[in-house]
Amino acid sequence: MSDKSGPTILCATELVVRHNDRYVLERASLSIHEGDRIGLVGRNGSGKSTFLKIIAKELEPDSGEVTQKKDLVVGYLPQTFTLDEDLNVLDNVRAGAKRVLDLIAEFESLPGHSNRHEEIEEHIQRLDGWNIDNHIETAMAKLNCPAPDRDIKTLSGGEKRRVALCRALIAQPDLLILDEPTNHLDTESIEWLGEFLKGYTGAFLLVTHDRYFLDSITNTIVELANGQFFAYDGNYTDYLLGKAEREASAEVTEHKRQMFLKRELDWVRRGPKAQTSKAKARIDRYFEVANQKVVEADGDVDLVIPPPPQLGNRTAQLENVAMELGGRRLFSNINLDFAGGQRVGITGRNGLGKTTLLKILIGQMEPTEGTVQIGQLTKFNYVDQGRLQLNEEATVLDEISDGTEFVQFGEGKLSLRAYLKRFLFTDDRIVTQVKHLSGGERSRLLLARILKNGGNFLILDEPTNDLDLPTLRVLEEALMTFPGVVLVVSHDRYFLNRVCTGILAFEGEGKVTYSVGDYEYYLEKRKREEKAALEWQRAAAKSAASSKQSAAAKQQPTQKVKKLSFKEQQELEGMEAAIHSAEESIAKIEATLADPEFYKKNAAQANTLISELDGEKAKLAKLFERWEELEAIKAGN
């Protein structure tokens with residue numbers, strides 16, 4: 001860990017966990033310190049979730065121990081969680097704040113002269129407990145939680161996960177443990193979660209496959225590989241560099257070991273002439289080095305996307321497509337003309353119609369307005385969000401075979417076993433039942449089963465969920481070299497930046513925009529457009545006031561007009577300065593909120609600043625309105 005780490009708050013020592021004949025943790029040790037922001041990475045099935053359950057005291061290791069600081073409060077969001085179905089959404093979230101709410105209740109129940117008053121009040125203030133209702137409201141809004149009075153039984157899996165995440169964040173434990181917190185979150189919610197964690201006063205340990213997220217919030221990356229932990233100071237980019245150096249060093253060391261063994265083996269085979277103590281020591285040294293455990297390098301998924309059939313002159317075209325469901329307009333006037341080599345990323349908040357658009361494209365739904373024209377040679381391969389269903393009792397091989405022994409690969413064929421090995425299924429795992437697979441293995445199996453269908457127009461709805469980082473990287477490389485069309489829905493910013501040649505953004509209120517380039521370019525373009533819109537608003541207000549003034553000049557002299565009072569005249573003269581001041585205040589607050597250092601030192605003030613920002617924006621709108629009103633009076637209207 002970093003030398004700048006604070007006191008140790010939790011220490012896992014010599015942990016051993018064995019599944020059948022495979023070690024998940026093999027005498028693995030890891031310490032967590034105050035202020036740590038740890039990203040835990042590793043292949044799916046490597047034991048990350050197992051380790052989280054152990055330090056959250058939901059699972060006992062086969063051996064080893066976990067010790068922690070006295071009175072340490074640990075919060076944990078697992079991949080599989082439970083909500084209280086007897087409570088609504090809001091009450092489930094408030095349950096996470098039980099510690100704070102209990103302190104407030106105790107404070108209010110004590111007599112005014114109690115010695116506990118000051119101690120409890122200090123504790124409440126440290127947790128910013130007096131603002132707990134505001135924190136709950138903000139978190140629920142930013143994470144796009146369902147309505148507060150919704151019945152838990154009526155929620156989808158994604159909605160329940162957002163409620164559970166909100167509950168975990170509101171708890172404000174000393175150590176926050178999150179297993180895949182970004183799953184089922186849209187890009188805006190992920191960005192808010194990142195800002196929240198940057199300002200978090202406790203330590204946190206999280207597992208996520210969102211590399212941009214890891215890059216922006218962590219100060220330590222811990223990799224779990226071959227049952228051991230490898231810690232790297234810095235963010236995800238620093239980890240990639242550090243891992244490359246470690247693997248290069250290990251390769252050199254292993255090469256030297258092999259050369260030593262070869263040299264010593266030749267000597268042993270010749271047979272030493274005398275069994276001296278020196279010769280015995282040399283033989284002992286040979287066997288000691290020969291028995292050293294070799295760290296196996298990670299294998300990469302050799303992802304196969306079968307070569308697609310040739311596309312025709314027309315691939316797929318959307319003309320003025322609009323969709324209305326349940327009396328609500330999801331989107332209007334979408335015009336897209338797809339071509340080979342195009343990779344379009346679809347992004348935006350959940351519930352805005354992204355999946356609906358995909359279903360319109362492949363003919364599963366009819367648009368309310370507009371037309372969809374599909375080329376005769378276009379063959380869709382749609383990987384939907386549900387990812388189909390797996391037969392728990394079937395083996396991996398059974399699930400992929402469909403009664404055949406080969407996968408059609410272009411004009412040739414590939415055996416099913418060879419195909420599955422490219423998805424990192426070893427011989428023993430190929431004949432393993434689905435019910436014994438890890439979450440990552442299930443995801444790889446589903447991808448293998450779906451992608452073997454081929455097609456020249458791939459449509460992927462949230463393909464990055466549950467895939468480990470090495471598999472994600474190879475999926476990206478496969479998509480980048482795919483000669484057909486790729487249309488992908490994703491909230492993974494890193495994925496969108498690396499893969500996409502265009503972004504189709506669902507921005508809310510029925511607005512959908514297309515931008516050539518990656519996601520970062522789209523964001524820059526959107527910021528420029530918002531700035532231009534604000535400047536246009538100012539210019540429009542000036543123009544409207546000028547027009548009214550010109551019209552007033554043409555009025556008959558006999559017409560009775562209202563004149564500005566002395567006070568109103570002074571107000572109008574200072575209006576531009578007031579607007580400029582309000583705009584400067586907005587820019588200043590936005591810059592403060594965007595500064596990571598602010599959250600390290602003044603995280604408790606974040607909500608206050610957000611409220612101030614909303615107030616300044618409302619003030620600016622009123623200033624424009626008042627400016628137009630005063631100009632109209634001045635013009636005599």
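Bear in mind that the values here come from a model prediction, so they are computed numbers and not experimental data.
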Heavy atoms, side chains only, cut-off 4.5 Å: are L83 and R167 in contact?
yes
What's the shortest heavy-atom distance between R116 and L110, and which atoms?
CB-CD1, 3.6 Å
Would you say that T432 contacts F425 through its side chain, given a criterion of any heavy-atom pair below 4.5 Å between the two side chains?
no
Check for a donor-acceptor pair, side chain of H209 on one end and backbone N or O of V41 on the other, with a separation under 3.5 Å.
no
Looking only at non-hydrogen atoms, find the nearest pair between G345 and L496 and report the distance.
CA-CD2, 3.9 Å
Shortest non-hydrogen contact between L15 and P61, atoms and distance:
CD2-CG, 4.0 Å
Can you name the one residue among L90, N88, V93 that meets side-chain contact (heavy atoms from CB on, under 4.5 Å) with P148?
L90
First locate atom NZ of K354, then atom CZ of R349, and finally report the distance between them rounded to the nearest 0.5 Å.
10.0 Å
Quick one: are L214 and Y494 in side-chain contact, heavy atoms under 4.5 Å?
no
So does G42 get a backbone contact from the side chain of K48, meaning a donor-acceptor N/O pair under 3.5 Å?
yes
Assess whether side-chain contact (heavy atoms from CB on, under 4.5 Å) is satisfied between L224 and L25, documenting all intermediate values.
CA-CA 9 Å; L224 178 54; L25 297 173; 3.8 Å; yes
Can you establish whether the number of heavy atoms outside E366 located under 6.0 Å from its atom CD is more than 12?
no
Would a distance-only check, ignoring hydrogens and angles, find a side-chain to backbone donor-acceptor pair under 3.5 Å from N92 to V89?
no
Whether over 12 other heavy atoms sit under 6.0 Å from E392 CD
yes
Nearest 0.5 Å, please: how far is CZ in F51 from OG in S46?
11.5 Å
Indicate whether any N or O donor in one side chain lies under 3.5 Å from an N or O acceptor in the other, for H491 and D210.
no
For G129 and V100 the tightest heavy-atom approach is CA-CG1, 3.5 Å
Sub-3.5 Å donor-acceptor pair from the side chain of R37 to the main-chain atoms of Y200, do we have one?
yes
Which distance, rounded to the nearest 0.5 Å, do you find between the CD1 of I32 and the CD1 of I177?
6.5 Å
If you compare all heavy atoms of R150 against all heavy atoms of P146, which two are closest, and at what distance to 0.1 Å?
NH1-CB, 4.0 Å
Got a sec, which residues hit side chain to side chain donor-acceptor pair (under 3.5 Å) with D133, two or more places apart in sequence or on another chain?
R94
Just by modelled atom types, is the E14 backbone N or O under 3.5 Å from a matching donor or acceptor in the S29 side chain?
yes
What's the shortest heavy-atom distance between L358 and Y382, and which atoms?
CD1-CE1, 4.0 Å
Assess, by modelled atom type and distance only, whether the side chains of D151 and T154 contain a donor and an acceptor separated by less than 3.5 Å.
no
Should L206 and T182 be marked as a side-chain contact (heavy atoms from CB on, under 4.5 Å) after you check the CA-CA gap, both sets of side-chain angles, and the distance that decides it?
CA-CA 10 Å; L206 58 87; T182 61; over 6 Å; no
Got a sec: does the CZ of R27 have more than 12 other heavy atoms crowding it under 6.0 Å?
no
Give a yes or no on whether a salt bridge exists between E191 and R493, defined as a side-chain N under 4.0 angstrom from a carboxylate O.
yes
Residue that, paired with L487, satisfies side-chain contact (heavy atoms from CB on, under 4.5 Å) out of I346, L458, L357:
I346
Is it the case that the side chain of D174 and the backbone of V73 share a donor-acceptor pair, with hydrogens and angles ignored and the cut-off at 3.5 Å?
yes
Paired with L10, the side-chain contact (heavy atoms from CB on, under 4.5 Å) test is passed by just one of V66, L30, D36, namely V66
Atom OG1 in T220, atom CG in N235: separation rounded to 0.5 Å?
10.0 Å
Evaluate the side-chain proximity of V434 to N391: yes if any heavy-atom separation is below 4.5 Å, no if none is.
no
Measure the CD-OG1 distance between E34 and T8 for me, rounded to the nearest 0.5 Å.
9.0 Å
Can a donor-acceptor pair be found, under 3.5 Å and without considering hydrogens, that links the side chain of E324 to the backbone of T368?
no
Spell out, as yes or no, whether a donor-acceptor pair under 3.5 Å connects the side chain of N497 to the backbone of E520.
yes
Atom NZ of residue position K142 - does it have more than 12 heavy atoms of other residues, nucleotides or ligands inside 6.0 Å?
no
How about V74 and K57: do any of their side-chain heavy atoms sit closer than 4.5 Å?
no
Please determine, by modelled atom types, if T347 and T187 share a side-chain donor-acceptor pair under 3.5 angstrom.
yes
Gap separating the CG atom of L330 from the OG atom of S332, nearest 0.5 angstrom
9.0 Å
Begin from the C-alpha positions of V17 and L59 and carry the test side-chain contact (heavy atoms from CB on, under 4.5 Å) through to its verdict.
CA-CA 10 Å; V17 174; L59 181 69; 5.7 Å; no
Could you tell me whether D492 and R211 have a side-chain N and a carboxylate O separated by less than 4.0 Å?
yes
Between the side chains of R473 and E476, is the shortest nitrogen-to-carboxylate-oxygen separation below 4.0 Å, so that they form an ion pair?
no
Is the shortest heavy-atom distance from the side chain of F81 to the side chain of K160 under 4.5 Å?
yes
Any donor-acceptor N/O pair, E65 side chain to T13 backbone, under 3.5 Å
no
Counting only N and O atoms by type, is there a donor-acceptor contact under 3.5 Å from the side chain of D215 to the main-chain atoms of T237?
yes
Without hydrogens or angle criteria, can the side chains of S49 and D179 be said to hold a donor-acceptor pair below 3.5 Å?
yes
Does the side chain of N226 reach to within under 4.5 Å of the side chain of E26, using non-hydrogen atoms?
no
Is D238 close to I221 at the side-chain level, that is, under 4.5 Å between some pair of heavy atoms?
no
Passes side-chain contact (heavy atoms from CB on, under 4.5 Å), T218 versus Y239? Steps please.
CA-CA 11 Å; T218 57; Y239 151 72; over 6 Å; no
